[in-house]
Amino acid sequence: MPEKKNPSLKDPELYEELREDGASKQKAARISNAAASRGRSAVGRKGGKSGDYEDWTVARLKAKAKEIGLTGYSSKKKSELISALRNS
């Protein structure tokens, strides 16, 4: 079955690479679109400020889930919260 193309993605190949590496849909789309407009090297230099979700406390993960509008996060284990945040 052929995959649907998302016209809002400017660099679908980079998007797929980022998703395979564990980035959330929003993060992968944001990075791939920025790379398409400004160039991959410019985006790569910018860097991130937040650490890996594995280093976060459960309370911080739950706060992030609430912030982005996830539901059902209060009963999840740490690994489930991380998965939900990455795949949201």
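All heavy atoms count here, side chains included; hydrogens, waters and symmetry mates do not.
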Trainee: Nearest heavy-atom pair of K76 and K62: which atoms, and what distance?
Mentor: O-CE, 4.4 Å
Trainee: Which residues pass the side-chain contact (heavy atoms from CB on, under 4.5 Å) test with K66, sequence neighbours left out?
Mentor: Y73
Trainee: With side-chain contact (heavy atoms from CB on, under 4.5 Å) as the criterion, how do I68 and L85 come out once you've worked through the C-alpha distance, each side chain's angles and the decisive distance to 0.1 Å?
Mentor: CA-CA 9 Å; I68 64 172; L85 287 168; 3.6 Å; yes
Trainee: I'd like to know if the side chain of S83 reaches the main chain of S79, judged simply by a donor and an acceptor atom lying under 3.5 Å from each other, with no hydrogens or angles considered.
Mentor: no
Trainee: About how many Å separate CG of D11 and CD of E16, when rounded to the nearest 0.5 Å?
Mentor: 10.5 Å
Trainee: Let me have the donor-acceptor pairs involving side chains of residues 18-27, under 3.5 Å, with sequence neighbours excluded, atom names and distances please.
Mentor:
residue: R19; atom: NH1; partner: A23; partner atom: O; Å: 2.7
residue: S24; atom: OG; partner: K27; partner atom: N; Å: 3.1
residue: Q26; atom: NE2; partner: S88; partner atom: O; Å: 3.4

Trainee: Between atom CG of L81 and atom CH2 of W56, what is the distance when rounded to the nearest 0.5 Å?
Mentor: 11.0 Å
Trainee: Should E67 and K64 be marked as a salt bridge (Lys or Arg N to Asp or Glu O under 4.0 Å) after you check the CA-CA gap, both sets of side-chain angles, and the distance that decides it?
Mentor: CA-CA 5 Å; E67 177 186 323; K64 182 65 173 179; 3.6 Å; yes
Trainee: Look up atom CD1 in I82 and atom CD in E54, then write down how far apart they are to the nearest 0.5 Å.
Mentor: 4.5 Å
Trainee: Please report the interatomic distance CG(D55) to CZ(R60), rounded to the nearest 0.5 Å.
Mentor: 9.0 Å
Trainee: Working to the nearest 0.5 angstrom, can you tell me the gap between Y15 OH and I31 CD1?
Mentor: 11.5 Å
